[in-house]
Amino acid sequence: MLLFYLGCGSIFLLAFILLSDVKGINTAANRWMGIFYLFAGFAMLGFIAGQTNTGNEWPFLVPVMESTRFAMAPALYFAILHYTNIHYRFRKNDLLHFIPALLFLPILFGASRYLPPWMGIVVGLSIKLQIILYWISGYLQLRKHGQHITNFTANTGPSDLSWLKNLMLLTGIMIINQLLSSFFRYAAGASFSYVIYLAAIYLSCYYALKQDNIFPPLTTPEPLSADTCTGPPRLHENETAALKAQLDKLMRDEKLYTDQELSLPQLAEKLDLSLHELSWLLNKEIGKNFYQYINYFRIEQAKELLQSPRHLHLSILAIGFDAGFNSKTTFNSTFKKMVGMTPREFRDLVVRMDAGGQ
């Protein structure tokens, strides 16, 4: 039980870190995530109070702590919405998500005595079902975001939210652990469950502190709807050929792709187009999203440098940076996906071919 106490204190600390906005980034999203962890801490504290004499000494402590259980899952979901969409604003209709929490309050504060015994089972199952459904919805939102960001950035970096995916997976582990904990009847099983809680919470702290600014202020995209790339033409037919030529010139002559911070809004400004017009031009007329289009030129530039005898003194990472990539991981993964081998394997192959006189 001591491990559970430690886990409870740790999750409150994590909630405080997120709510206090110590990094000054992703403020709205972090506050919602902080509320989620705060409510999760209340649920753990309510369990502790129910297992000790504290619940008898402070009769209202358990109901107050338990009252947040139905608000936990919506808080997590709204955190994900804010992380994945900087333009998202809380609306009046969003309050509907918290109706179950309001309906739960009378049950906690005395109405339960007038309800049949089986209602307790229904409420318990409802709480478990709610957290599972909201977690699934949040994770699907993250996956949708991963597909969407390639429309406006070529170096996904912090925008890919890999740290948040890990945080969600850890939250999922805690949910599964909580669902299975009712089957642990022996001390050894209970202790193992507490260890999982503690490890998941500490790792969650790590990933929460690892986050970076998701959408830099200067490159924040306006919302792009799903039909932006597949809807009706957004440019006149006689404009597209000239724009494609201008775009190709910007890439080949000015080498805009070497700018590691290049984004769809910046390129749209160069072409004097709206985000929707440029996105339509890339996806519909050229057949690539922004990520694919820019990284095509970056990979071609990297291949040229890797084959050049004058650049053999450069490291693989230096070549990746020169081509416009902002991290070794992104460079290696993109290169292998497009070429079929890693940059090092490509360079080694070129060196062997030169040595063999081919």
Side-chain angles (χ1 to χ4, degrees), residues 23-26 29 83-86 142-143 145-167 206-222 224 247-248 250-271 275 278-279 282-283 286 288-308 311-347:
K23 298 191 72 173
I25 55 176
N26 311 321
Y83 280 124
T84 55
N85 183 0
I86 197 171
L142 272 178
R143 290 190 60 182
H145 171 80
Q147 297 167 353
H148 176 65
I149 59 173
T150 57
N151 285 321
F152 62 82
T153 182
N155 277 329
T156 53
S159 299
D160 70 358
L161 296 179
S162 56
W163 64 270
L164 184 56
K165 291 175 186 175
N166 291 328
L167 201 65
Y206 168 75
Y207 285 115
L209 292 173
K210 191 179 178 182
Q211 66 176 291
D212 201 351
N213 200 11
I214 299 170
F215 298 112
L218 296 178
T219 59
T220 298
E222 62 187 72
L224 292 175
L247 185 57
D248 192 68
L250 287 173
M251 293 298 115
R252 298 189 186 279
D253 295 347
E254 298 187 26
K255 296 189 175 182
L256 287 186
Y257 57 85
T258 58
D259 180 3
Q260 295 181 356
E261 303 301 323
L262 183 65
S263 64
L264 185 72
Q266 291 172 324
L267 188 56
E269 187 177 353
K270 284 275 187 182
L271 294 167
L275 298 189
L278 178 55
S279 183
L282 289 170
N283 286 269
I286 297 177
K288 292 182 174 70
N289 61 32
F290 183 77
Y291 180 90
Q292 295 166 334
Y293 183 75
I294 299 301
N295 282 330
Y296 166 78
F297 289 99
R298 288 175 174 170
I299 293 300
E300 290 301 305
Q301 174 73 2
K303 286 165 63 178
E304 183 179 329
L305 294 176
L306 288 167
Q307 295 178 83
S308 172
H311 295 88
L312 286 176
H313 65 285
L314 291 179
S315 67
I316 299 292
L317 183 58
I319 286 176
F321 286 156
D322 283 350
F325 291 97
N326 64 355
S327 75
K328 182 179 180 180
T329 302
T330 304
F331 177 42
N332 285 336
S333 61
T334 305
F335 194 97
K336 185 168 185 178
K337 184 176 181 179
M338 296 183 69
V339 182
M341 62 182 77
T342 65
R344 184 167 299 281
E345 290 170 343
F346 182 83
R347 173 180 265 183

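Quantities reported herein were computed from a predicted structural model and do not represent experimental measurements.
Between atom CD of residue Q292 and atom CE of residue M338 there is a gap of 8.0 Å, rounded to the nearest 0.5 Å. One finds the CD atom of Q266 at 12.5 Å from the CG atom of L271 (value rounded to the nearest 0.5 Å). With rounding to the nearest 0.5 angstrom, the NZ atom of K328 is 8.5 Å from the OG atom of S315. The distance from atom CG of L282 to atom OH of Y293, rounded to the nearest 0.5 Å, is 7.0 Å. The structure places CD1 of I316 at 5.0 Å from CZ of R344, a figure rounded to the nearest 0.5 Å.
Scored by the ring-ring contact (aromatic ring centres under 6.0 Å, His included) test, F335 finds F331, F346 as partners (sequence neighbours excluded). Take T329 and apply the side chain to side chain donor-acceptor pair (under 3.5 Å) test, not counting sequence neighbours, and it matches no residue.
L278 and A268 make their closest contact through CD2-N, 3.4 Å (heavy atoms, listed as atom of the first residue, atom of the second, distance). Nearest heavy atom pair, residue Q260 against residue R298, reads CA-NH2, 4.1 Å. When all heavy atoms of L306 and R347 are compared, the pair lying nearest together is CD2-NE, 3.8 Å. Annotation for D248 and F297: closest pair OD1-CZ, 3.9 Å, computed over non-hydrogen atoms. The nearest pair of heavy atoms linking T258 to D322 is CG2-O, 3.5 Å. Between I286 and L247, the shortest heavy-atom contact is CD1-CD2, 3.8 Å.
Contact check for Q211 versus Y83: side-chain heavy atoms found under the 4.5 Å cut-off. In this structure the side chain of M251 reaches within 4.5 angstrom of the side chain of I294, judged on heavy atoms. Residues I299 and F325 form a side-chain contact, since some pair of their non-hydrogen atoms from C-beta on lies under 4.5 Å apart. Looking at Q301 and E304, their side chains come closer than 4.5 Å, going by heavy atoms from C-beta outward. Side-chain contact between F290 and L262 is present, with heavy atoms from C-beta onward closer than 4.5 Å. Taking the side chain as every heavy atom from C-beta outward, Y257 and K255 approach each other to under 4.5 Å.
With a 6.0 Å radius and a threshold of 12 heavy atoms from other residues, nucleotides or ligands, E269 has its CD atom at or below the threshold. For F321, the CZ atom is densely surrounded, since the number of other residues' heavy atoms within 6.0 Å is greater than 12.
Note on residues 331-340: pairs passing side chain to side chain donor-acceptor pair (under 3.5 Å), not counting sequence neighbours, are Y291-T334.
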